[in-house]
Undergrad: 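What follows is a single structure, and I will ask about it in a moment.
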Amino acid sequence: MGKAYKFLLISSAILGLLAIGMLIFGGGLLATGPFIVGSLICLAIGGRNVSILNQMSFTIWVMAAVSVGFFYPQYFQKIGDFKFTGFIVPLIQLIMFTMGTEMSLKDFEGVIKTPKAVLIGLVSHFTIMPLVGFTLAKSFGFPPEIAAGVILMGSVPSGVTSNVLAFIAKANMPLSVTIAAISTLVAPFMTPLLMKLLAGQYVAIDLQAMMLHVAEIIILPIILGLLVNRFLINGVKRLQTMLPKISMLGVLMMMIVIVSSGRDSLLEIGPLLFLSAMIHHTIGYLLGYWSGRFMGLDEASCRTISLEVGMQNGGLASGIALQMGKIATVGLASVIAVPWMTISGSMLSNWWRKKDNENKELLILNENKSTESI
């Protein structure tokens with residue numbers, strides 16, 4: 001099996017080089033499609049045998065899905081009169097249901113145990129990211145609906161990926177789960193309100209309708225998941241082995257459909273939108289961390305707030321854009337942001353973990369030296 005993984009990694013490198021060669025020597029971006037998609041798929045599968053690539057496996061699959069939607073949009077837009085965008089909301093609801101099956105009242109104990117840290121995390125999340133998004137939309141001079149999408153990406157709750165990254169970063173896991181859960185539950189009120197205040201100048205925002213749509217996408221599936229978790233314990237155990245994988249597949253399907261819908265807009269505005277996403281989420285990590293530091297929180301809690309502020313629920317942003325009837329424009333910011341969030345969040349978490357390991361090794365070394373000198 002090791003040889004098969006090695007072969008796939010070599011194939012990935014060769015296909016990647018062929019894609020670069022075609023791009024440099026005049027083949028054109030669209031002609032590189034088969035090579036880029038093939039390279040990423042080989043990397044995702046072959047990388048399972050390499051620790052750092054295995055940790056980034058989902059990120060690579062997301063990039064592959066984005067590439068498939070970008071290079072082959074004609075296959076993922078509609079069949080007959082049925083548009084593939086009709087799958088997006090049910091897929092998000094499935095992901096929210098999955099989140100609900102893994103939640104319980106214990107997830108909210110953090111509010112009682114560390115109310116200060118929870119409050120700092122929530123306030124930072126719903127101020128830093130929306131305001132930075134608004135500033136970037138203004139600064140880059142994006143078209144109105146693209147600008148609204150950038151603000152929307154900053155106004156949604158934190159993503160469930162942040163919990164996984166908090167574990168990798170050796171951060172405060174109970175705090176991470178609590179902030180993610182509460183930010184999700186208050187999203188039906190906070191997200192539409194922020195959109196009305198910050199994005200109302202770009203697109204028409206029906207505050208009441210958006211609140212109902214967000215509640216439909218988030219609250220109902222989570223409540224159903226909580227009920228299943230509470231009353232069907234044995235069923236949940238079986239579900240919990242399947243649903244995360246199904247949810248990940250759902251995210252990949254969403255990426256393909258959204259990119260396919262907005263491919264023309266991506267060709268026009270994609271590089272600037274990616275730069276905007278890089279700045280947006282990097283500032284989120286930075287200001288989130290220092291908001292905790294400024295308020296006197298411990299290192300683990302600061303890392304948690306950094307990730308909870310910088311990581312957004314891109315799927316929900318896509319669902320809201322669809323309900324607005326603007327998935328091909330307002331929804332593009334989330335498609336661009338999801339791969340960058342996953343890559344940057346993984347890098348940041350692994351850096352923190354590596355830093356802790358190095359400090360631990362240094363501490364052991366110093367203790368050994370002290371023992372020897374005695």
Undergrad: Please list all pairs passing the ring-ring contact (aromatic ring centres under 6.0 Å, His included) test where one or both residues lie in residues 128-157, with sequence neighbours left out.
TA: Phe140-Phe142
Undergrad: Output a table of donor-acceptor pairs, distance under 3.5 Å, between side-chain atoms of residues 61-74 and any protein atom two or more places apart or on a different chain; print 'none' if there are none.
TA:
| from | atom 1 | to | atom 2 | distance (Å) |
| --- | --- | --- | --- | --- |
| Ser67 | OG | Met63 | O | 2.9 |

Undergrad: With sequence neighbours left out, what residues match Phe189 under side-chain contact (heavy atoms from CB on, under 4.5 Å)?
TA: Leu193, Met211
Undergrad: Pair up each side-chain donor or acceptor in residues 250-257 with any protein partner under 3.5 Å, not counting sequence neighbours, and list the distances.
TA:
none

Undergrad: Glu216: what forms a salt bridge (Lys or Arg N to Asp or Glu O under 4.0 Å) with it, not counting sequence neighbours?
TA: none
Undergrad: Who are the side chain to side chain donor-acceptor pair (under 3.5 Å) partners of Tyr202, not counting sequence neighbours?
TA: none
Undergrad: Show me, pair by pair, the donor-acceptor contacts under 3.5 angstrom made by side chains of residues 194-201, not counting sequence neighbours?
TA:
| from | atom 1 | to | atom 2 | distance (Å) |
| --- | --- | --- | --- | --- |
| Lys196 | NZ | Ile205 | O | 3.2 |
| Gln201 | OE1 | Lys138 | NZ | 3.1 |

Undergrad: Can you sort out the partners of Ser291 under side chain to side chain donor-acceptor pair (under 3.5 Å), two or more places apart, ordered by chain and number?
TA: Ser124
Undergrad: For Thr191, check side chain to side chain donor-acceptor pair (under 3.5 Å) against everything at least two apart and list the hits.
TA: none
Undergrad: Let me have the donor-acceptor pairs involving side chains of residues 12-21, under 3.5 Å, with sequence neighbours excluded, atom names and distances please.
TA:
| from | atom 1 | to | atom 2 | distance (Å) |
| --- | --- | --- | --- | --- |
| Ser12 | OG | Ser39 | O | 2.8 |
| Ser12 | OG | Ser39 | OG | 3.2 |

Undergrad: In the hydrophobic clustering that connects Ile, Leu, Val, Met, Phe, Trp and Tyr at side-chain heavy-atom distances below 4.5 Å, which members other than Val123 occupy its cluster, ordered by chain and number?
TA: Leu119
Undergrad: Partners of Arg293 by salt bridge (Lys or Arg N to Asp or Glu O under 4.0 Å), sequence neighbours excluded?
TA: Glu299
